[in-house]
Amino acid sequence: MLHQRLAQLEREGRPIRVGIIGAGTFGTQIVAQTCRIQGMRVAAIADLKPERAVRALSLGGVPREDIQVAKTAGEIDRAMDGDRPAVTAGAEELLGSGVDVVVEATGIPEVGAANGYRAIRQKKHLVMVTVEADILVGTLLKRMADQAGLLYSMAYGDEPALAAELCDWARTLGFKLIASGKGTRFKLSFRKANPDDVPRMYGFKGKDYNASMFCSFLDGTKHSIEMAALSNATGLVPDIRGMHFPTADLREIPDKLCRKELGGVLENDGVVEAVSSIFPDDTPVERSLRGGLYAVVEGQDDFPVESMASYGEITGMIIGSRSKHAMIYRPQHFIGHEVPIGIARLMIYREPVASVIGQISEVVAAAKKPLKAGTVLDGEGGYATYGMVERAEVAREEKLVPIGLTHGAEVIEDIPEDGMVTYDNVRLVESELLELRKKQDELTG
């Protein structure tokens, strides 16, 4: 058992030394939970605001007087030698230290990609929480890690990795994957939401929140990003650009997420899809999967599903009355609090919980409103564009720009509302992220 292996590391005085970049909400959850786990140590945290890192450690029960503020990699190493956690303002100092594994949790694609690239160059195993960076340059980072004999993993506890785990379960047992993804609260009209709509639509008061980040959930971009990550880790593809987002009660999912000839919404099998918990009039479904993950599967013959169905409610099995597909699901995810499980699996069993297998899907950008030439785009969760998951081969053929590359881009040719952002109608900002993406494109053709 994993906890037994961690207990053994603790007894032997060889805990896994974890370095975490980013002490925002997600990073703080990782820190606070890891501090309470035997056999693991939060060895160092890098954040531009070191006081946030101190707060995260304090939430994990670490006395403030035990926390070492470090300005160099050497100071971090000395703190580790004394079994004291270190905080620093610079990621470079953390990456140059002797931590065993790096967790990139900034949530900023440009920063996440750069930190990931440097972590691998510094011979560090890497857990990429910043899924926005993973879907842009994860194929490059994974290849670099493989060539260096290092491990690259998605973050356990985040939705893509947990859905990928369900897919692995299904495939291991010989089931055919029909669809997999997440539950959420979404309708297509939300795509035009902007950061000004966030407090009203989320019920927030005050200003202590990241409006663009929450808007990226609201307008569907984040859902597409997460499902692109799932696609790139499993080979599943979006059925249509931007997904269907069908509204479905938990019990209806196997009959909604099946092929049209069986009464469902899908043109194809083997897709990523998000399921909404609300109808167009905002009425909620009775039993939703919001916050949860699922996989709809088909048996190779009738026996497995019929056998499970014969147990009735004893097994809690959900089986489509029309499709006869079965569904395995997880009703919730514990977000950053579960990430230490993935770190432990990575470092003890030397296996990522999920990892990119190729650039299967992209999240491409479309205009929330008419965009005149000269407009400067503001990226995910902004006022100008929303993101939709699309097959990478289609994105290449149509010269569609990944939304993660649009921040700061200048429109050079008018784009109509809902028109696609292409390499022909915008001028991208030269950046390290763009250079890394070009390197990936050269490797993958």
Side-chain angles (χ1 to χ4, degrees), residues 159-160 162-163 166-167 177-194 197-198 200-203 214-231 236-298 316-333 361 363 366 368 381 386-390 418:
E159 289 158 301
L162 295 180
L166 297 181
C167 293
L177 270 172
I178 304 300
S180 183
K182 60 178 284 186
T184 189
R185 184 181 184 276
F186 183 78
K187 56 184 182 179
L188 296 182
S189 62
F190 286 178
R191 281 184 170 148
K192 303 304 174 65
N194 66 53
D197 298 316
V198 167
R200 172 177 57 84
M201 298 184 75
Y202 276 100
F214 281 101
C215 186
S216 72
F217 281 98
L218 190 58
D219 68 14
T221 300
K222 186 72 169 182
H223 307 319
S224 277
I225 288 171
E226 291 170 337
M227 293 301 93
L230 175 61
S231 171
L236 302 178
V237 297
D239 193 45
I240 62 171
R241 181 176 296 173
M243 301 182 289
H244 296 278
F245 282 100
T247 300
D249 183 284
L250 182 67
R251 297 157 291 189
E252 299 173 331
I253 292 176
D255 279 336
K256 289 258 179 118
L257 294 183
C258 63
R259 296 182 303 279
K260 287 183 176 179
E261 58 263 33
L262 297 176
V265 303
L266 302 181
E267 298 283 353
N268 305 286
D269 295 331
V271 305
V272 291
E273 186 61 65
V275 180
S276 180
S277 63
I278 57 170
F279 292 98
D281 65 357
D282 292 336
T283 303
V285 301
E286 182 181 352
R287 288 174 58 185
S288 80
L289 190 61
R290 184 181 183 185
L293 302 312
Y294 76 90
V296 173
V297 304
E298 177 183 70
M317 179 61 63
I318 294 177
I319 297 173
S321 59
R322 293 193 314 273
S323 68
K324 303 304 179 185
H325 296 337
M327 181 175 75
I328 181 172
Y329 69 98
R330 176 173 171 165
Q332 78 287 102
H333 64 293
S361 291
V363 177
K368 288 184 176 180
Y386 59 88
M388 295 186 291
V389 62
E390 176 58 281
D418 295 315

> Is Asp249 salt-bridged to Lys256, going by a charged N under 4.0 Å from an acidic O?
Replying inline: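 Salt bridge absent between Asp249 and Lys256.
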How about [X] and [Y]: do any of their side-chain heavy atoms sit closer than 4.5 Å?
X: Arg322; Y: Leu262; answer: no
X: Val275; Y: Thr184; answer: no
X: Thr283; Y: Ile278; answer: no
X: Glu252; Y: Val285; answer: no

> So among Arg241, Lys192, Lys368, Arg191, which one has a salt bridge (Lys or Arg N to Asp or Glu O under 4.0 Å) with Asp418?
Replying inline: Lys192
>> With no hydrogens and no angle check, just 3.5 Å: does a side-chain donor-acceptor pair link Asn194 and Tyr386?
In response: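 There is no such pair between these side chains.
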> Going by atom types alone, do Ser231 and Ser361 pair a side-chain donor with an acceptor below 3.5 Å?
Replying inline: yes
> Which is it for Met201 and Phe214 under the side chain to side chain contact (heavy atoms under 4.5 Å, CB included) test, yes or no, and what are the steps along the way?
Replying inline: CA-CA 10 Å; Met201 298 184 75; Phe214 281 101; over 6 Å; no
> Is there a side chain to side chain contact (heavy atoms under 4.5 Å, CB included) between Ile253 and Ile318 once you walk through the steps?
Replying inline: CA-CA 9 Å; Ile253 292 176; Ile318 294 177; over 6 Å; no
>> Pair Phe186, Arg290 - check side chain to side chain contact (heavy atoms under 4.5 Å, CB included), show working.
In response: CA-CA 10 Å; Phe186 183 78; Arg290 184 181 183 185; over 6 Å; no
> Yes or no on side chain to side chain contact (heavy atoms under 4.5 Å, CB included) for Val297 and Ile178, after CA distance, side-chain angles and deciding distance?
Replying inline: CA-CA 5 Å; Val297 304; Ile178 304 300; 5.7 Å; no
